[in-house]
> 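Got a structure here, written out as structure tokens. Questions coming.
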Amino acid sequence: MTSALINVPAKAKRGDIIEIKTLMSHIMETGYRRTATGEVVPRDIITSFSCRYNGIEVFRADLFPAIAANPFITFFTVATESGKFDFEWIGDKGFSETASASITVE
Amino acid sequence: MRKQDRSTRRQFLGLAGGAAVLGAVPVVTLRPAEATPATLAAAIRNVVGTATVRTGKVKLDVPPLVENGNTVPMTVSVASPMTPDDYVKSIHVFNEKNPQPNIGNFYLGPRVGRAQVSTRIRLADSQKIVAIAHLADGSFWSVSVDVVVTLAACADEVI
């Protein structure tokens, strides 16, 4: 079950700047909260996000506990050619999720 | 009979109110370590090294008054043509009073087309947020914004 939401325009003109919106379902536990008995809740966050466009990395982010739960990241890219976007989220406790979206460039 | 009913109701309300006050006290007194202006400066030094940071070019959009610090929309943009010679390499966002000074590092390139990134952040207190952009020519540009938070994010929360 993938828990990612991706919004990439299906079509674009060559050279257009397109907006990409991504959301990954994740608790983003900061590691600073405590239970009622005083124990620290261990940190569990996504630490890294990247986006590749036909295999070439166009955007990457390092995330910290100050990013809200269910990290929502939007950024832009230039539509150069038809192809595929690959998204990857990597985090604590072996968290690793991928998603992809395709685009037709005219 | 009626009189007795009323007194138990009053007692109950009194007890409930007392319990609520007792419950609230530890939340207020538990103050975890927070990033200080010194750790903020150190985190910025980690990124920029010895380079000078100038003010300008960067725009940070955060609501000036935030009701819920758990999720605060934030948009950073940099005035840059984003050509192969003149583009934004990275954008780094810092805060003053969360437990950690870093919020996020975003690595862009000329293929991004527009130097703008949006996300949602957490703010543990009313504080200053700093965004720094690293340009292709090696220069650093910054902006800082003050945000007032009425309900702080998780750091103080007991679950």
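Only a predicted model underlies this, so the values are computations on that prediction, with no experimental measurement involved.
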> Following the transitive rule for hydrophobic clusters with a side-chain heavy-atom cut-off under 4.5 Å over Ile, Leu, Val, Met, Phe, Trp and Tyr, establish whether B:Y107 and B:I132 coincide in one cluster.
no
> Shortest non-hydrogen contact from B:R111 to A:T77?
O-OG1, 3.0 Å
> Please determine whether the number of non-hydrogen atoms from other residues, nucleotides or ligands lying under 6.0 Å from atom CD of A:E57 exceeds 12.
yes
> Quick one: salt bridge (Lys or Arg N to Asp or Glu O under 4.0 Å) partners of A:D44, sequence neighbours excluded?
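Checked A:D44 against salt bridge (Lys or Arg N to Asp or Glu O under 4.0 Å); zero matches.
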> Which heavy atom in A:M28 sits nearest to a heavy atom in B:R122, and how many Å separate them?
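So the minimum-distance heavy-atom pair works out to O-NH1, 2.7 Å.
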> Are there residues of residues 11-20 of chain A whose heavy atoms fall under 4.5 Å of chain B's heavy atoms? If so, which?
A:I17
> Between A:C51, A:P71, A:A68, A:G38, which shows the greatest number of heavy-atom pairs under 4.5 Å with chain B?
A:A68
> Identify, with sequence neighbours excluded, every residue that meets salt bridge (Lys or Arg N to Asp or Glu O under 4.0 Å) alongside A:R52.
none
> Taking atom NZ of B:K57 as the centre, does the number of heavy atoms from other residues, nucleotides or ligands within less than 6.0 Å exceed 12?
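Yes, enclosed.
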> Can you name the ring-ring contact (aromatic ring centres under 6.0 Å, His included) partners of B:F106, sequence neighbours left out?
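Not a single residue meets the ring-ring contact (aromatic ring centres under 6.0 Å, His included) criterion with B:F106.
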> Less than 4.5 Å to any heavy atom of chain B: does that hold for the side chain of A:T80, its backbone, both, or neither?
side chain
> Any side-chain heavy atom of B:M74 sitting closer than 4.5 Å to one from A:I67?
no
> Shared ILVMFWY cluster between A:I46 and A:I6, side chains joined below 4.5 angstrom?
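In one cluster: yes.
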> For the residue pair A:P65 and B:Q100, what are the closest heavy atoms and their distance?
CD-OE1, 3.0 Å
> Hey, what do you get for CD (B:Q116) to CZ (A:F76), rounding to the nearest 0.5 Å?
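Reported value, rounded in 0.5 Å steps: 4.5 Å.
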> For A:T74 and B:T119, indicate whether the former's side chain and the latter's backbone hold a donor-acceptor pair under 3.5 Å.
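The answer is no, because no donor-acceptor pair under 3.5 Å joins these two groups.
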> Establish whether B:V93 and B:L135 are linked, either directly or via other cluster members, by ILVMFWY side-chain heavy-atom contacts under 4.5 Å.
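Result: yes, single cluster for both.
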> Should A:I90 and A:F49 be counted in the same cluster of Ile, Leu, Val, Met, Phe, Trp and Tyr side chains packed under 4.5 Å apart?
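No; tracing contacts between hydrophobic side chains, which count when under 4.5 Å, never links both residues.
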> Please determine whether residues A:F72 and A:F75 belong to a single hydrophobic cluster, defined as Ile, Leu, Val, Met, Phe, Trp and Tyr linked transitively by side-chain heavy-atom distances below 4.5 Å.
no
> What are the two closest heavy atoms between B:N98 and A:A66, and how far apart are they?
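Closest pair (atom of B:N98, atom of A:A66, distance): ND2-CB, 3.5 Å.
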> What is the distance from atom CG of A:L63 to atom CG of B:N102, rounded to the nearest 0.5 Å?
11.5 Å
> Do you know which of B:V112, B:I91, B:I121 has the most heavy-atom pairs with chain A at a distance under 4.5 angstrom?
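Ranked by contacts with chain A, first place is B:V112.
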